[in-house]
Amino acid sequence: MRSKDLISILDLSVAEIEEIFSTARRLKEKQKKGEECLPLKGKSLAMIFAKSSTRTRVSFEVGMLQLGGHALFMSTQDMQLKRGETIHDTAKTLSRYVDGIMMRTYSHKDVLEMAEHATIPVINGLTDLLHPCQALTDIFTIIEKKGAAAGLKIVYLGDGDNVANSLAVIAGKLGLFLVLCIPPGYEPDKGIIKEANILAAGSGAKIEITNDPQAAAIAADILYTDVWTSMGKEQEREERLRVFKPYQLNSKLLAKANPDCLIMHCLPAHRGEEITDEIMASRQNISFDQAENRLHVQKAILALLLGK
Ligand code: CP
Ligand code: NVA
């Protein structure tokens, strides 16, 4: 990969995205067969978390182990960052010890600053703005299940958050049809949508933003949702529960979609809010396959960035 880091899918060429997918497919196959593959033998990844995580933490940690390396979990609560050490000095210090940094934080600027000053690869494990590892995994999963993502109607319902932003970028890159169905006032980042539309002009992607869930769900091949209250927005929870109610992924909405429509969720799910128990239990729900694929796709990213 050309870029030292993976901060946004904007940093990747289409060929690089395809390389991540083909590497992930190969690594997944090997793992399923029980074959060892240790390109990162002796290498270490520092995983910095300013926010909670289940999937990202475990998939990166287990991924490093399966590639022959090692991962260190570092909560910002316990780091000198909390006591005023700068990101600049943290980046310089960690670059002397480890071979890569994965960072989950609030401000997107923080991960950019880390990447600027680290001499080693920095991987964005989610910021308020973007969640690139998630969107790469999501499209990888759609291709795995449906044979291709191009030509499908992919409908995302809910908050115009980090997941929605990253889906818009990857749709723009890969020429996909993405409908973002989002209540007024919660639209995705304007700058990101502008970039995604510039990409779409070249790739043939169609990115629509609407606020009518009933119309958006008609003939959908994929219905995707995410939590209504992202990490860091907890004080807005009551208001969000009210505003987002019509955007719930439930059986009434699913009935409008294509009969073989698949349900996706980056997880964690807040059952009874953005998605019902019934939909979570349906055979069309592929969110746990999606969660598993975080492991395979991130192993590919790690092998390509740290294995250079
Ligand atoms: N989807 C996702 O990133 O999950 P975690 O917050 O559990 O890492
Ligand atoms: N939008 C969610 C994603 C969690 C993986 C959040 O930021 O909390």
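Note that the structure is a prediction, hence the values are computed from the model and not measured. Atoms within each ligand, like the ligands themselves, are counted from 1 in listed order.
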E144/N293 under side chain to side chain contact (heavy atoms under 4.5 Å, CB included): CA gap, chis, key distance, verdict: CA-CA 10 Å; E144 188 178 59; N293 282 337; 2.9 Å; yes
Ligand 2: protein N/O within less than 3.5 Å of ligand N/O:
residue: ligand 2; atom: 1 (N); partner: D161; partner atom: OD2; Å: 3.1
residue: ligand 2; atom: 1 (N); partner: N162; partner atom: OD1; Å: 2.8
residue: ligand 2; atom: 1 (N); partner: D226; partner atom: OD2; Å: 2.7
residue: ligand 2; atom: 1 (N); partner: S230; partner atom: OG; Å: 2.7
residue: ligand 2; atom: 7 (O); partner: N162; partner atom: ND2; Å: 2.9
residue: ligand 2; atom: 7 (O); partner: S230; partner atom: OG; Å: 3.4
residue: ligand 2; atom: 8 (O); partner: M231; partner atom: N; Å: 2.8

Side-chain (N197) to main-chain (A200) donor-acceptor, under 3.5 angstrom: no
Side-chain donor/acceptor of K299 to backbone N/O of S59, under 3.5 Å: no
Polar atom proximity, L267 to ligand 1 (N or O, under 3.5 Å): yes
Closest to atom 3 (O) of ligand 1 (judged by heavy-atom distance), picking from K51, H131, R55: H131
Element-labelled atoms of ligand 1 that are located less than 4.0 Å from some non-hydrogen atom of C266: 1 (N)
Contact (N/O only, under 3.5 Å) between L126 and ligand 1: no
Atom 6 (O) of ligand 1: nearest protein contact (heavy atom, Å): R104 NH1, 2.8 Å
Test: E239 and R242 ion pair at under 4.0 Å: yes
Ion pair check, D260 and K146, cut-off under 4.0 Å: yes
Ligand 1 contact by R294, heavy-atom criterion under 4.0 angstrom: yes
Contact atoms of ligand 1, heavy-atom distance to Q134 under 4.0 Å: 1 (N), 2 (C), 3 (O)
